[in-house]
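Presented below is the structure to which this report refers.
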2 protein chains.
Amino acid sequence: MYEIFQKYLDEKAELTQAESERIQSFAISKKLRKRQYLLQEGDIWKYDAFITQGCVRTYTVDEKGSEHVNSFSIENWWTGDRESLMLQQPSRFNIDAIEDTELILFTHENFELLCREIPAFNNMVNAILQRSFIAAQNRIQASLTLTAEEKYLNFINKYPGFASRIPQTMIASYLGMTPETLSRIRKQTAKK
Amino acid sequence: MYEIFQKYLDEKAELTQAESERIQSFAISKKLRKRQYLLQEGDIWKYDAFITQGCVRTYTVDEKGSEHVNSFSIENWWTGDRESLMLQQPSRFNIDAIEDTELILFTHENFELLCREIPAFNNMVNAILQRSFIAAQNRIQASLTLTAEEKYLNFINKYPGFASRIPQTMIASYLGMTPETLSRIRKQTAKK
DNA sequence: GTAAAAACTTGATATAGATCAAGAGTTTGA
DNA sequence: TCAAACTCTTGATCTATATCAAGTTTTTAC
């Protein structure tokens, strides 16, 4: 399980043997069964979390009890609530497992220590953050400019493979539409 | 004009005199008249840009010719297209001045050099990126969960002062609604 | 293996917000 | 300083998507 993270590190950063071992020394393994929570609304998030296997979703629940999916994260991605982590305030989000999931956690103190100690690690982390920001910008742009159908086509184009492992209800929520609308769109586009 | 940026730096990072001077040595001043472009779609963005005075908007134009405002940036904020900068690809965005505007530019090579040379500067830049990412997440969340009226109230609450200096048409576009809808919302909420 | 729960589909109807249109204010620049 | 060009408002109508409802299929858990 740790090998998956090690492989990711080797691809993304040039690390010495000693640095790799230093990183591994702080890694905490965690397993989640399907539907199990990684974070619940109101808790303060304290980790940097990397997924080695499986899939989680980050979502909020509004006053009416409806869920709004903010993001999906699968193996080789990071997850967590950066706002709660950075400001040390109770999270507005829930994160739970869509499939049985395996993660590597670092407490944020340890993670920051690694960033300070290992420049290559720090650079990697910054590059990831840049890409996350760009992805968020693109999502905003899509939500402003695309129709429901275009949003769906854009999604399956950008994240092929997701559609088959994530329930449609959740994808609909992520795209900002109802499950019924997504169902109808899928029927239409299948025809073409 | 540079003093505004210097003050910003002093607040956000602990810099030695020498470091401050090093940063200043790379700064390029730029003025934009209202409606003048900082970046046009198709160009590759090559700077890190800080606004010392004024206001710019970042937007796309779709096939029908409609503009979609992605963001506003005012004095003491940064602007630019991070995707174009990072991937060195033609930008999908336009950036132009809503008011006469003054900026400090750094070519990205110089900016990266400063990040490498000055750890405190690098940390500041990362902190800004983190905050930008959190803001983007919050905007996505708002677009998924709020009604048109709630989006507007959320906007004026979060950015008081913006409403008075930015034309309503542009605010409507930023919020993902038509100017007519925003006009009606303003009329309604004024009553209450 | 099977009953209960969850996920998906389909149809009928409702609605928030878009579009179209036209008039009133406001800003801009020669 | 005044005409042209924006910007905002208001009304009438339209439409994409939501909501409600009921049936079917798939998954889950004992």
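Numbers restart at 1 for each chain; the letters A, B, ... are given by sequence-line order, proteins then strands. Note that the structure is predicted; figures quoted are calculated from it, not measured.
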Counting only heavy atoms not in A:R165 (residues, nucleotides, ligands), do more than 12 fall under 6.0 Å from its CZ?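 Yes, because the 6.0 Å sphere around CZ of A:R165 holds more than 12 heavy atoms from other groups.
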Return yes when atom OH of B:Y47 has more than 12 non-hydrogen atoms of other residues, nucleotides or ligands closer than 6.0 Å, and no otherwise.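 Atom OH in B:Y47 is not packed in, count stays at 12 or less.
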Let me know the distance between [atom1] of [X] and [atom2] of [N], rounded to the nearest Å.
X      : N      : atom1 : atom2 : answer
B:Y152 : C:dA16 : OH    : C1'   : 19 Å
A:L146 : D:dT17 : CG    : P     : 11 Å
B:Q188 : C:dG17 : CD    : P     : 10 Å
A:E149 : D:dT17 : CD    : C1'   : 13 Å
A:R186 : C:dT10 : CZ    : P     : 11 Å
A:D100 : D:dT28 : CG    : C1'   : 13 Å
A:L175 : D:dA16 : CG    : P     : 18 Å
B:L182 : C:dG17 : CG    : C1'   : 12 Å

With hydrogens left out and only the distance checked, is there a donor-acceptor pair under 3.5 Å joining [X]'s side chain and the base of [N]?
X      : N      : result
B:R35  : C:dT27 : no
B:R184 : C:dT19 : yes
B:E180 : C:dC20 : yes

For A:T169, report the nucleic acid contact type (base, sugar-phosphate, nothing); a contact means any heavy atom under 4.0 Å.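 Sugar-phosphate contact only.
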Would you mind classifying the nucleic acid contact of B:K34 as base, sugar-phosphate or nothing, using non-hydrogen atoms under 4.0 angstrom?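 Touches sugar-phosphate only.
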Atom CG in B:L32, atom CD in B:E99: separation rounded to 0.5 Å?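 Spacing of CG (B:L32) from CD (B:E99) equals 11.5 Å.
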Are [X] and [N] close enough that a side-chain N or O sits under 4.0 Å from OP1 or OP2?
X      : N      : value
B:T181 : C:dG17 : no
A:K187 : C:dT9  : no
A:T178 : D:dA18 : yes
A:Q168 : C:dT9  : yes

Give a yes or no on whether the ring-centroid distance for A:W78 and A:F111 is below 6.0 angstrom.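 Here the rings of A:F111 and A:W78 have centres that are less than 6.0 Å from each other.
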Pair A:T145-B:D62, side-chain donor/acceptor within less than 3.5 Å: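 Per modelled atom types, A:T145 and B:D62 side chains form no pair under 3.5 Å.
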Out of C:dG11, D:dA18, D:dC8, which nucleotide sits closest to the side chain of B:P167?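 Selected nucleotide (nearest to the side chain): D:dC8.
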